[in-house]
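Because the structure is predicted, anything quoted here is derived from the model rather than measured. No hydrogens, no waters, no symmetry mates; every other heavy atom, side chains included, goes into these values. All chains are named by letter (A, B, ...) in the order of the sequence lines, taking the proteins before the strands, and each is independently numbered beginning at 1.
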There are 2 protein chains.
Amino acid sequence: MPGTKRGPQSGPQQDKTAPFAYDGLDRVIHEKARLGLLTSLMVNPEGLAFAELKRLCDLTDGNLSRHLQVLQEAGLVEITKGYDGNRPHTTCRLTAAGRRRFVDYLGVLEGVVRDAAEAAGDKYAPGARRGVLPA
Amino acid sequence: MPGTKRGPQSGPQQDKTAPFAYDGLDRVIHEKARLGLLTSLMVNPEGLAFAELKRLCDLTDGNLSRHLQVLQEAGLVEITKGYDGNRPHTTCRLTAAGRRRFVDYLGVLEGVVRDAAEAAGDKYAPGARRGVLPA
DNA sequence: TCCATCTACTTTGCAATGGAAAGTCTCTAG
DNA sequence: CTAGAGACTTTCCATTGCAAAGTAGATGGA
């Protein structure tokens with residue numbers, strides 16, 4: 001073993017002055033597909049069917065199945081498997097906790113957008129219209 | 001082989017009416033760590049040193065190294081390796097393309113926030129303050 | 001009646017990837 | 001002259017996203 005064992009390299013310092021660490025970006029939520037799913041469910045709080053989600057988010061069956069599983073295990077959504085006549089019919093809705101966590105996540109996301117957009121405005125187009133995204 | 005081979009399951013339809021597919025969420029950018037890095041670089045267009053980025057984003061050396069490599073390969077950042085005396089000194093800055101792509105990404109992100117926030121406002125707190133984004 | 005197909009999902013397999021730990025080099029203290 | 005810090009890079013591994021294949025019941029001919 002070359003070199004006596006040293007402590008872990010610099011090691012993450014606890015967020016002391018790490019303004020761009022974005023700790024709040026929950027892995028479970030921060031994912032293209034899941035982000036779409038959660039947004040869909042946010043817009044449709046009464047719940048959505050498997051097929052509907054699939055269409056709205058343009059996912060394959062397999063993907064959707066897996067992501068829903070992840071979301072369920074994380075307690076963000078509630079899945080109800082039932083029958084429509086005798087075809088299986090799965091519906092999905094946000095749990096209260098899911099909604100809370102998603103809203104928190106959105107807050108962080110908003111911060112990201114604001115940070116960057118401000119920079120874009122300040123440094124590259126001084127004096128230009130303040131509002132974040134281009135007109 | 002049970003069941004004659006069928007076409008790939010329902011297969012992703014081309015974004016026809018898939019309002020929550022969020023295609024624009026570029027994998028390379030849409031990643032906790034990299035998002036922080038890019039934002040840092042957006043705020044500091046003159047470039048940042050390795051150590052500085054590490055601190056700002058609270059990353060370990062290894063992680064930072066890797067993510068920078070990814071960003072560089074994607075052409076989003078430009079990395080300059082030089083020497084400060086004879087210690088290595090790496091600096092990093094956004095490329096023009098990087099800035100463009102990041103701004104595009106931010107546009108999509110803002111859409112996500114808006115979609116969801118609207119839903120939150122409309123369905124859960126009717127009449128409440130409209131803008132999620134600050135006044 | 002048989003079988004091909006559709007809807008509705010679940011399971012499996014694999015290649016990519018984030019992250020921790022370890023490695024390399026050089027410089028600076030003691 | 002050895003211990004340790006700074007600045008990175010490389011290795012290794014468990015996780016994971018995604019696609020393809022699989023399961024199962026319903027439906028529609030021929």
K.L.:
Looking at every heavy atom in both B/Leu68 and B/Val77, which two are closest together, and how far apart are they?
P.N.:
O-CG2, 4.2 Å
K.L.:
Does A/Asn86 or A/Arg66 map to a spot on DNA chain D nearer the 5' end, using the closest nucleotide for each?
P.N.:
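In this pair, the answer is A/Arg66.
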K.L.:
Tell me the closest heavy-atom pair linking B/Ala119 and A/Met42, and the distance in Å.
P.N.:
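Looks like CB-O, 3.4 Å.
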K.L.:
In whole angstroms, how far is the C1' atom of D/dC18 from the CG atom of A/Leu64?
P.N.:
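After rounding, the reported distance stands at 13 Å.
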K.L.:
If only side-chain N and O atoms of B/Ser65 are considered, is one of them under 4.0 Å from the OP1 or OP2 phosphate oxygen of D/dT9?
P.N.:
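Yes, because at least one side-chain N or O of B/Ser65 sits under 4.0 Å from OP1 or OP2 of D/dT9.
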K.L.:
In whole angstrom, what separates B/Asn63's CG from C/dG23's P?
P.N.:
18 Å
K.L.:
Over how many whole Å does the gap from A/Glu52 atom CD to C/dC9 atom P extend?
P.N.:
12 Å
K.L.:
Has A/Thr39 got a side-chain atom pairing as donor or acceptor with A/Leu35's backbone, closer than 3.5 angstrom?
P.N.:
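It does hold such a pair.
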K.L.:
In whole Å, what is the span from the NZ atom of A/Lys81 to the P atom of C/dC9?
P.N.:
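Computing the A/Lys81:NZ to C/dC9:P distance gives 7 Å.
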K.L.:
In whole angstroms, how far is the P atom of D/dA7 from the CG atom of B/Asp84?
P.N.:
8 Å
K.L.:
Work out which heavy atom in A/Ala74 is nearest to a heavy atom in A/Arg101; give both atom names and the distance.
P.N.:
O-NH1, 3.3 Å
K.L.:
Rounded to the Å, how far apart are A/Asp23 CG and C/dG18 C1'?
P.N.:
15 Å
K.L.:
Check each residue of residues 67-78 of chain B for a non-hydrogen atom within less than 4.0 Å of any atom in DNA chain C, then write out the ones that pass by number, or none.
P.N.:
B/His67
K.L.:
How close or far is atom P of C/dA16 from atom CZ of B/Arg27, stated in whole angstroms?
P.N.:
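After rounding, the reported distance stands at 14 Å.
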K.L.:
Quick check: closest heavy atoms across B/Leu37 and B/Leu64, and the distance to 0.1 Å?
P.N.:
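Heavy atoms of B/Leu37 and B/Leu64 come nearest at CD2-CD1, 3.6 Å.
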K.L.:
Give the ring-plane orientation class for A/Phe20 versus A/Tyr22, where under 30° counts as parallel, over 60° as perpendicular and anything between as tilted.
P.N.:
perpendicular
K.L.:
Report the distance from atom OH of B/Tyr83 to atom C1' of C/dT26, rounded to the nearest whole Å.
P.N.:
9 Å
K.L.:
Are any of A/Thr90's side-chain N or O atoms less than 4.0 Å away from OP1 or OP2 of C/dC9?
P.N.:
yes
K.L.:
So does B/Thr60 get a side-chain nitrogen or oxygen closer than 4.0 Å to the phosphate oxygens (OP1/OP2) of C/dG19?
P.N.:
no
K.L.:
Take B/Arg87 and B/Arg34, find for each the nucleotide of DNA chain C with the closest heavy atom, and name the residue whose nucleotide sits nearer the 5' end.
P.N.:
B/Arg34
K.L.:
On a heavy-atom basis, which atom in A/Lys32 and which in B/Leu25 lie closest, and how many Å separate them?
P.N.:
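Heavy-atom minimum between the residues: CD-O, 3.6 Å.
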